[in-house]
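One structure is given here, and the rest of the page talks about it.
In this text, all values refer to a predicted model and were calculated from it rather than measured experimentally. When reading the values below, keep in mind they use all heavy atoms of this one structure, side chains included, and skip hydrogens, waters and symmetry mates. Atoms within a ligand are numbered from 1 in the order they appear, just like the ligands themselves.
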Amino acid sequence: MSDLYLKFVNTPVGKTTAQTLGLPSPVPLKRWKRADQPFIEGDVLIGAANGSKAIGAVASLLGASPANLFHASAVNTLTDSAKGGNKAEPLPLDADIERKFSALVFDATGMKDTTDLRALYDFFHPTIRKLAGNGRVLVIGQNPATCRQPAKAAAHQALEGFVRSVGKEVGKKGATANLLWIAPGAEKQLDSSLRFFLSARSAYVSGQVARISKSTDAPATNPVAPLTGKVALVTGASRGIGASIAQTLARDGATVIGLDIPPAMEELQKVTDAIKGKALACDITDERAPKQIADFVQEHFGGIDLVIHNAGITRDKTLGNMPEHFWDMTIAVNLTAEELIDEELMHRELLRENGRIVCISSISGIAGNFGQTNYSTAKCGVIGYVEAMAKQVKNGVTINAIAPGFIETQMTAAMPITIREAGRRMNSLSQGGLPVDVAEAIAWYCNPASNGVNGNVVRVCGQSLIGK
Ligand code: NAI
């Protein structure tokens with residue numbers, strides 16, 4: 001369903017009306033368009049707190065991009081510009097800055113205690129107003145769980161509050177702010193995450209923290225088609241978010257098995273035909289489903305690389321009015337089916353080395369929604385499942401979840417208009433997301449270079465005001 005308000009406020013009359021009445025003025029988000037599009041262009045400013053370790057990896061990736069790279073200098077809390085590599089031009093922060101930046105990237109990994117937080121102010125205070133529309137703020141810190149000293153852990157935890165607050169300030173111009181928490185020594189694992197969070201692929205992801213652990217060296221991939229040679233299963237692929245996931249993974253080179261319930265076959269076939277994939281009719285709550293899926297995978301491909309548990313349903317009623325089949329179905333589709341399918345695929349050793357499992361949670365599973373006790377329970381269970389499984393997976397396999405906020409699909413088009421409008425506007429970007437926003441985040445998890453990204457729950461919600 002199209003967002004008429006977003007279109008209206010971006011006309012001259014609409015802009016004036018919104019300003020006069022103090023209404024939200026969402027900016028159209030720039031999304032990924034062409035396969036050969038660089039992940040970043042324009043002027044990019046990087047900087048680092050003294051002693052930071054990730055700046056070299058950041059500078060080398062950005063130095064090889066078409067962006068004009070600048071390194072913050074002339075401030076004693078920041079490292080000198082030599083750390084930014086010879087591609088970065090020093091930019092003194094003590095003078096007037098004329099440029100507009102498409103991204104501000106700050107490496108805070110060197111912070112030792114909370115007094116070092118001053119470096120954040122020194123880097124962002126003179127530059128934040130120079131962030132362009134649809135720009136990106138990205139901060140890199142050390143995962144506090146890996147900091148032994150409480151003062152150091154506090155400093156790195158503080159980055160989360162900082163980034164969430166910045167996201168709310170820059171959201172007005174369609175810009176985002178996110179945080180990467182890395183484990184010591186995980187600098188080499190940053191590549192796919194920098195590419196995602198700095199690009200138009202993360203247009204609707206803001207105020208998020210992604211944890212990156214140390215892993216084996218990421219394999220070299222073709223940035224245009226990083227999933228070449230991979231086989232993906234996408235459940236609920238006939239429409240909405242699932243169809244977009246199937247299309248996006250195929251765009252990135254994967255061969256896709258789309259799965260949906262038998263009544264959705266005609267629609268599913270259209271989706272899979274267009275991407276030269278295969279369609280599988282299956283109700284994932286059927287007790288024979290795990291075997292049926294595993295048999296299909298074995299027969300056609302001999303194994304699977306990417307398993308995307310997207311199929312989901314809502315059956316809303318307040319708890320006292322909820323019939324038992326609403327409860328049972330919602331838990332079965334959104335949660336139990338995923339566990340049973342994974343169990344069968346892993347038991348039969350069909351999930352290949354460096355495989356990826358991605359589940360879909362929801363903001364409803366984080367914050368709880370009125371009339372959705374069944375759905376919130378299931379979607380919160382998804383988080384528990386992912387976090388527990390992340391500790392058990394082997395052979396380079398990772399498991400992560402996306403928690404979408406308000407995404408424009410048939411599911412949300414069916415909402416009453418007042419709830420729909422509230423869902424659209426109650427986030428830092430004042431608009432709903434598109435199915436492709438969820439799909440792009442899943443493609444980032446699936447990237448072979450995301451091998452250090454495990455056990456995450458990242459929200460694709462425009463930094464919704466609901467929940468944490
Ligand atoms: P949708 O209703 O448009 O699509 C869901 C798909 O799952 C449908 O094609 C449906 O036939 C399929 N499906 C349902 N039960 C199935 C079963 N037993 N076996 C096989 N396939 C089955 O939903 P939408 O909006 O695309 O949502 C996709 C996922 O994202 C779901 O898990 C949903 O809970 C989640 N989500 C969506 C949000 C949104 O704003 N649209 C927000 C948060 C989460």
Numbering the atoms of ligand 1 from 1, which are under 4.0 Å from a heavy atom of Ile407?
39 (C), 40 (O), 41 (N)

Atoms in ligand 1 with a heavy atom of Thr412 nearer than 4.0 Å:
39 (C), 40 (O), 41 (N)

Does an N or O from Ser361, backbone or side chain, lie closer than 3.5 Å to an N or O of ligand 1?
no

Polar-atom distance check: Leu259 versus ligand 1, any N or O pair below 3.5 Å?
no

Going by the 4.0 angstrom heavy-atom rule, the piece of Val333 near ligand 1 is side chain

Can a salt bridge be assigned to the pair [X] and [Y] using a cut-off of 4.0 Å between side-chain N and carboxylate O?
| X | Y | answer |
| --- | --- | --- |
| Glu440 | Arg251 | yes |
| Arg288 | Asp295 | no |
| Asp437 | Arg201 | no |

Do any heavy atoms of Ala237 fall under 4.0 Å from ligand 1?
no

Closest candidate by heavy atom, reference [atom], pool [options]:
| atom | options | answer |
| --- | --- | --- |
| atom 17 (C) of ligand 1 | Val460, Ile313, Ile261 | Ile261 |
| atom 5 (C) of ligand 1 | Gly405, Gly312, Ala413, Gly240 | Gly312 |
| atom 1 (P) of ligand 1 | Arg239, Glu267, Lys379 | Arg239 |

Would Gln463 and Ser428 satisfy side-chain hydrogen bond (donor to acceptor under 3.5 Å, both in side chains), going step by step from the backbone distance to the final call?
CA-CA 5 Å; Gln463 197 178 23; Ser428 297; 2.7 Å; yes

